[in-house]
S.K.: 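Handing you this structure, nothing more for now.
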Amino acid sequence: MNSIDKQILAGLNQPQQEAVKHYKGPALVLAGAGSGKTRVLTRRIAYLIAEYGVNPGNILAMTFTNKAASEMKERANKLISEDMRSWVGTFHSFGATLLRKEAGKLGFKRNFSIYDTSDQKRMVKEIMQDLNIDTKQTKPSRVLNEISDAKNQLIRPKDYKVDKFNYLSEIVAQIYPLYQQRMKESNAFDFDDLIMKPCQLFTEYPKVKEYYNEKYKYILVDEYQDVNHAQYRLSQLLTGSENNIFVVGDPDQSIYGFRGADINNILNFENDFSNAKVIRLEQNYRSKENILKAAQSVIKNNSSRLDKDLWSERGEGDSIEFFEAATDKEEAGFIMEEAKKMNRSGRYSYGDMVVLYRTNAQSRSIEDVLRRNQVPYQIVGGLKFYDRKEIKDIVAYLRLINNPADTAALLRIINEPARGIGAKTLERVQDYAYANNISLFQSCQESEKNPELTKAYARKVIEFAELIAEFQGLENEITIDRLVSKILSKTGYESEILAKEGPKAQERLENIGELQSAMQEYLQDNDDGSLAGFLEEVALISDIDTMEDKNNFITLMTLHSAKGLEFPVVFLAGLDEGLFPHSNSMDDTSEIEEERRLCYVGITRAQDKLYILRAKNRFRYGESKYYAPSRFLNEIPDSLINCEEDGNYDSIDIKDNNNRNNNAKSSNYREGQQVIHPSWGIGKIKQVKEDKGTKLTIRFKDGKERELLAEYAPLQPVRR
DNA sequence: AGCACATGTTTTTTT
DNA sequence: AACATGTGCT
């Protein structure tokens, strides 16, 4: 064995080594939480190349997030000194890349757009309106869900069957075929298409399938417990006759059932491949024993599961701390105090801590308390950068420039900024498009010929089309970030923002500036630097991809986002019946079991310390409601838990006062004075008024004006 | 066409 | 409570 192989196998236990050394044929690695799954995956890639002499280009590894993919790639690169030329990426990016090459065979062009959920909704709504279906009675999002389910099941429009017991299905049966037809006319794929269409391609074109089977001889799939039927089919189709498919997963961590993930795919792997090698990784390297025990005592309440015996040598560790707060605010206060204490002790820094919750909405109260108490934090998910209006608008312009058939993009921006093209005009343009079987954009261009439009309105529409055409001419002349500048000035988007948005204007423009920086970064990393490439990256980016490591920040995220991550200290917030398990999942056994797996995922993120919290009263839907303790709490043996005594965490604001805010009086502030705030930086006081205490209006350097109460705000005067 | 105001809806999780 | 959507007025 040469030295590089030794390095690849170094520090691996017996079953891990067996997995890494696996060469040909099907293999299933049942990898318990924290058992070194990513390690096995990356090292096997390295081992295939270094020991078995496999050409890196013959390896295809698929993950669910870009973050997981880049981590895998990076780690494998380190093991073999060359820059690996294997494909490592997400299911969706693989699908997109494949379709970029093969779009023609399916009647699409390679400059296709990728529709996000709001584009999809827009299209469904349009179709429903055209068919005179009441969009209030039948919500487009429900229809869309049903279509998405069908696609994940690889049910094509013509195969979709009306279910008599499902009133929706009749409507969906009408809409689905039209939806797919319009997607094609728009030269666009949605997320589901990125998986479904490649399946279709491989099924309809055996030659194409053969080509890719030849190219990708070794298939690896991460998080196999979360693949849906379409993804399952895709990985089967990609697997050639040698059956070199290596999948890794943990049925106990299957948490995407709501998105079509089918846990049976992993449970039935041995049926699919009778000669499959099955390897179980049961040693946990992550958590202290108490944490592991708690996790197992919860998960064992699920009936349908493969039992496994996870163990750890990390020592017993501390008890799990449980705190029952009176309110969600107090829950947040407890987290803040505990985090501060640990940070002060020096044993853990803020970067070691994560707060996990079931729903994004829970982040607000926690955020508030952390901010007010100057505890640095970062949030994963929630309000996404690429979901901001100004970003989506600019991206829509770019999409239309890249793909003139992109109907959803056109509809978004035809009157943004307002150019006097209202609903009525738009309807006439659309009618003309349908009547003449041309794209909406073409219809715009030909508005002169449209008998329904008066000259003045036709002029406006044509001017819009000409503007887009002008940008299209620039596409290959200037870089994409410069193109955005052109759009900002030529469309009047920039002046419109400045004209009406006041203090928010600057923030919006800064966001667009941030988009341009992202573009510059993209140009540096990608030689071709094409608009299409950038748009694809934007479309497929996920929250977790943008999370930054280290830093001295507490991380806040949903349990779903936390999959695959680990932290020394975990705060599991909101263990209340109705919240977690969520009320929408409470009357269905299989959904409860998924909630329980989610709980298992949460607990097993913790390495050393686990805090579990709940609140008797929570503010939700704008009212305070009583909550009973989550059933999952009862499933953890008392012997593992230490109940925290009531502290007075609800009065944190008052404590703040004692700590430092003796400058709460108005006499301490004057208008025009400069102050510094821990999260918003330097600001200038615009106004001081007395209203339930001293209220300050401060304009911060980000351009936003905020009203703060002097009594509570952690402000410090700037000296000059 | 565009605004102000009113009403309705939302919160489960996401590539 | 926050936001999206809808309505009626100008």
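Note on naming: letters A, B, ... go to the chains in the order of the sequence lines (proteins, then strands), and numbering restarts at 1 for each one.
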S.K.: Taking the P atom in each of C:dA4 and B:dT13, what is the distance between them to the nearest angstrom?
M.R.: 15 Å
S.K.: In whole Å, what is the span from the CZ atom of A:R419 to the P atom of B:dG2?
M.R.: 11 Å
S.K.: Of A:K424 and A:S585, whose closest DNA chain B nucleotide lies nearer the 5' terminus?
M.R.: A:K424
S.K.: Whole angstrom is fine here: how far is it from CG in A:D192 over to C1' in B:dT15?
M.R.: 9 Å
S.K.: Contact class for A:F619 (heavy atom, under 4.0 Å): base, sugar-phosphate, or nothing?
M.R.: sugar-phosphate
S.K.: With respect to A:D190, which candidate in A:R122, A:K151, A:K197, A:K184 satisfies the salt bridge (charged side-chain N to carboxylate O under 4.0 Å, His left out) definition?
M.R.: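 The salt bridge (charged side-chain N to carboxylate O under 4.0 Å, His left out) with A:D190 is passed solely by A:K151 among A:R122, A:K151, A:K197, A:K184.
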S.K.: Less than 4.0 angstrom between a side-chain N/O of A:N228 and OP1 or OP2 of B:dT15, yes or no?
M.R.: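 No.
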S.K.: With a cut-off of under 6.0 Å to the ring centre and 45° to the axis, is A:R100 in cation-pi contact with A:F112?
M.R.: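 The answer is yes; both the distance and angle limits are met.
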S.K.: Mind checking side-chain hydrogen bond (donor to acceptor under 3.5 Å, both in side chains) for A:Y627 and listing every partner two or more places apart, or none if nothing turns up?
M.R.: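 Only A:R620 meet the side-chain hydrogen bond (donor to acceptor under 3.5 Å, both in side chains) criterion with A:Y627.
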S.K.: Separation of A:Y600 atom OH from B:dT13 atom C1', in whole Å?
M.R.: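 Taking OH of A:Y600 and C1' of B:dT13, I get 20 Å after rounding.
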S.K.: Need one value for A:A423: base, sugar-phosphate or nothing, where a base atom within 4.0 Å counts as base even if backbone is also close, heavy atoms only.
M.R.: sugar-phosphate
S.K.: Hey, where on DNA chain C does chain A first and last touch, going 5' to 3'? Cut-off is any atom under 4.0 Å from a heavy atom.
M.R.: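 Span of nucleotides near chain A: C:dA1 to C:dA2.
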S.K.: So, using side chain to side chain contact (heavy atoms under 4.5 Å, CB included) as the criterion, who are the partners of A:S118 when residues are at least two apart?
M.R.: A:D116, A:K392
S.K.: Hey, does the side chain of A:N360 come within less than 4.0 Å of B:dT13's phosphate (OP1/OP2), counting only N and O?
M.R.: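 Checking B:dT13 against A:N360, a side-chain N or O does come within under 4.0 Å of OP1 or OP2.
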S.K.: Determine whether the aromatic ring centres of residues A:W87 and A:F94 are separated by less than 6.0 angstrom.
M.R.: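 Close enough - the centres of the two rings lie under 6.0 Å apart.
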S.K.: Taking the side chain of A:Y256 as heavy atoms from C-beta outward, which of B:dT15, B:dT11, B:dT14 is closest to it?
M.R.: B:dT14
S.K.: Would you kindly compare A:N584 and A:I421 by the position of their nearest DNA chain B nucleotide and give the one closer to the 5′ end?
M.R.: A:I421
S.K.: State yes or no: are the ring centers of A:H560 and A:Y256 separated by less than 6.0 Å?
M.R.: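 Yes, the ring centres sit under 6.0 Å apart.
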S.K.: Look at the side chain of A:S561 and decide which nucleotide, out of B:dT14, B:dT11, B:dT15, has an atom nearest to it.
M.R.: B:dT14
S.K.: Taking CE from A:M586 and C1' from B:dT11, how many angstroms apart are they, rounded to a whole number?
M.R.: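 For the pair A:M586 CE and B:dT11 C1', the rounded distance is 15 Å.
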S.K.: Starting at atom CG of A:L194, determine the distance to atom P of B:dT15, rounded to an integer number of angstrom.
M.R.: 13 Å
S.K.: What does A:S148 touch in the nucleic acid at a heavy-atom separation under 4.0 angstrom: a base, only the sugar-phosphate, or nothing?
M.R.: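 Here A:S148 touches no strand at all.
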S.K.: State which residues pass side chain to side chain contact (heavy atoms under 4.5 Å, CB included) with A:R631; sequence neighbours excluded, sorted by chain then number.
M.R.: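 For A:R631, the residues satisfying side chain to side chain contact (heavy atoms under 4.5 Å, CB included) (neighbours in sequence not counted) are A:E577, A:P581, A:M586, A:I592, A:R596, A:E635.
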S.K.: Take atom CZ of A:R142 and atom P of B:dT12, then tell me their distance rounded to the nearest Å.
M.R.: 12 Å
S.K.: Quick one: list whatever passes ring pair (Phe, Tyr, Trp, His ring centres under 6.0 Å) with A:F632, sequence neighbours left out.
M.R.: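 Counting only residues at least two positions away or on another chain, A:F632 forms a ring pair (Phe, Tyr, Trp, His ring centres under 6.0 Å) with A:F580.
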S.K.: Compare the aromatic ring of A:F258 with the six-membered base ring of B:dT13 and state whether they stack according to the 5.5 Å and 30° rule.
M.R.: yes
S.K.: State which residues pass side-chain hydrogen bond (donor to acceptor under 3.5 Å, both in side chains) with A:T90; sequence neighbours excluded, sorted by chain then number.
M.R.: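 Once residues adjacent in sequence are excluded, the partners of A:T90 under the side-chain hydrogen bond (donor to acceptor under 3.5 Å, both in side chains) criterion are A:S93.
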S.K.: Choosing from B:dT12, B:dT15, B:dT13, which nucleotide comes nearest the side chain of A:T117?
M.R.: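 The answer is B:dT15, which lies nearest to the side chain.
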S.K.: Would you indicate which nucleotide in B:dT15, B:dG2, B:dT11 comes nearest to any side-chain atom of A:N415?
M.R.: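 In terms of side-chain proximity for A:N415, the closest of B:dT15, B:dG2, B:dT11 is B:dG2.
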S.K.: May I have the distance from A:F64 (atom CZ) to B:dT15 (atom P), rounded to whole angstrom?
M.R.: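 Whole-Å distance recorded here is 11 Å.
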S.K.: Check the phosphate of B:dT15 against A:S93, side-chain N and O only, distance under 4.0 Å to OP1 or OP2. Yes or no?
M.R.: no
S.K.: With a 4.0 Å limit, can you tell me whether A:H560 has a side-chain N or O closer than that to the phosphate oxygens OP1/OP2 of B:dT13?
M.R.: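 No, because none of the side-chain N or O atoms of A:H560 sits under 4.0 Å from OP1 or OP2 of B:dT13.
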S.K.: Would you say the side chain of A:H92 and the base of B:dT15 hold a donor-acceptor pair, judged only by whether the two atoms sit under 3.5 Å apart?
M.R.: yes
S.K.: Grab the CD-P distance between A:Q231 and B:dT14 for me, whole Å please.
M.R.: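 Interatomic distance, CD of A:Q231 to P of B:dT14: 16 Å.
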